[in-house]
Amino acid sequence: MNTISARRLEASDLLLRYQWLNDPSVHGQMMVSPPIGLAETQQWFSRTLLNESRRDFAFTLDGALPKEVVAMGGLTDILPRHRRAELYIFVRPGLTGRGIGSRAMVWLCEYGFSELDLHRIYLYTTERNDAARRFYARLGFQDEGTLRGHAFHQGRFIDRHVQGVLRSEWRKPREERQVPG
Ligand SMILES: CC(C)(COP(=O)(O)OP(=O)(O)OC[C@H]1O[C@@H](n2cnc3c(N)ncnc32)[C@H](O)[C@@H]1OP(=O)(O)O)[C@@H](O)C(=O)NCCC(=O)NCCS
């Protein structure tokens, strides 16, 4: 499979973002509640431009024409003092299971540890998203616990699982890790 490139999220990506987040295969696994409006997405984007504690990216496949966005992700709650950030990722509906998410994850972790000099990257999964938990574990994210009833989502309290990777852990096993191609 082609390698992946990342660029900062742009206003022209927002229509896609809004469409993907309203897709049940995406919002069913993330802490977003549809329907999400396009205007709401645009307002969110305007706020992110002023927010120094996050970096949002769009991913494209090298060599592919047209150069379509295949995934979006980012690092949020970047805290320079603690050198940690939360990671999020979602792949274009219909293109999951093809190695795109793995490549985007590796890019985001490399960016976080190398460019932002982070010490720790962590993420949350919602209950019932065991496939995503296994996916993150395979990339080196360790299970760090379950926050019981941590979020009120779609009418009920749900558990959230925390997974994280430290910079020291990320560098060593990286070469050995299998990234599906
Ligand atoms: C989770 C996600 C980012 C993984 O990216 P991807 O491109 O599908 O993953 P890859 O092709 O690189 O790797 C495939 C692995 O991801 C896992 N996976 C998790 N969710 C998946 C999904 N919705 N579809 C396909 N594979 C998924 C599979 O278990 C698969 O492992 P396997 O090869 O052992 O079967 C992507 O599937 C996605 O965006 N899902 C919907 C939203 C979501 O769950 N986001 C994460 C919220 S914490």
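Counting starts at 1 for both ligands and their atoms, in listed order.
Residue contacts with ligand 1: Phe90 is placed with no nitrogen or oxygen under 3.5 Å of a nitrogen or oxygen of the ligand (distance criterion only). Distances between N or O atoms of Val91 and those of ligand 1 include at least one value under 3.5 Å. Close N/O approach between Val26 and ligand 1 is not found [any backbone or side-chain N/O within under 3.5 Å]. Checking only distances, Tyr124 never comes within under 3.5 Å of ligand 1, N or O to N or O. For ligand 1, the polar-atom distance check finds an N/O of Asn129 within less than 3.5 Å of one of the ligand's N/O atoms. The distance criterion of under 3.5 Å between nitrogen or oxygen atoms is not met by Tyr136 with respect to ligand 1.
Heavy-atom contacts of Arg98 reach the following atoms of ligand 1: 11 (O) (cutoff under 4.0 Å). The contact set between ligand 1 and Gly97, taken as ligand atoms under 4.0 Å from a residue heavy atom, comprises 6 (P), 7 (O), 8 (O), 11 (O), 25 (C). Proximity to Ser102 (heavy-atom distance under 4.0 Å) selects the following atoms of ligand 1: 10 (P), 12 (O), 13 (O). Of all atoms in ligand 1, listed by their number and element, those nearer than 4.0 Å to a heavy atom of Gly99 are 10 (P), 11 (O), 12 (O). Residue-ligand proximity, Ala132 to ligand 1, at heavy-atom distances under 4.0 Å covers atoms 19 (C).
The closest side-chain donor-acceptor pair between Thr146 and Asp159, if any, does not fall under 3.5 angstrom.
Within the structure, ligand 1 has Arg138 among the residues with a heavy atom less than 4.0 angstrom away. In this structure, Tyr88 has no heavy atom closer than 4.0 Å to ligand 1.
Distance check: Leu21 CG to Phe90 CZ gives 4.0 Å after rounding to the nearest 0.5 Å. One finds the OG1 atom of Thr125 at 11.5 Å from the CZ atom of Phe141 (value rounded to the nearest 0.5 Å).
Contacts between Leu123 and ligand 1, counted as non-hydrogen atom pairs separated by less than 4.0 Å, are absent for every part of the residue. No part of Ala104 comes within 4.0 Å of ligand 1, judged by heavy-atom distances.
Using a 4.5 Å heavy-atom cutoff, the side chains of Met31 and Tyr88 are not in contact.
Think of Tyr18 as one node in a network of Ile, Leu, Val, Met, Phe, Trp and Tyr side chains linked at under 4.5 Å; its network also takes in Leu15, Leu38.
At least one donor-acceptor pair closer than 3.5 Å links the side chain of Asn22 to the backbone N or O of Ile36. Within the 3.5 Å criterion, the main-chain N or O of Gly37 finds a donor-acceptor partner in the side chain of Thr41.
Using a 30° and 60° split on the angle between ring planes, Tyr124 and Tyr122 fall in the perpendicular class, above 60°. Ring-plane geometry between Trp170 and Phe113 is classed as tilted, the angle between the planes lying from 30 to 60 degrees on a 0 to 90 degree scale.
One finds a salt bridge joining Arg167 and Asp117 here, because a Lys/Arg side-chain nitrogen approaches an Asp/Glu carboxylate oxygen to under 4.0 Å.
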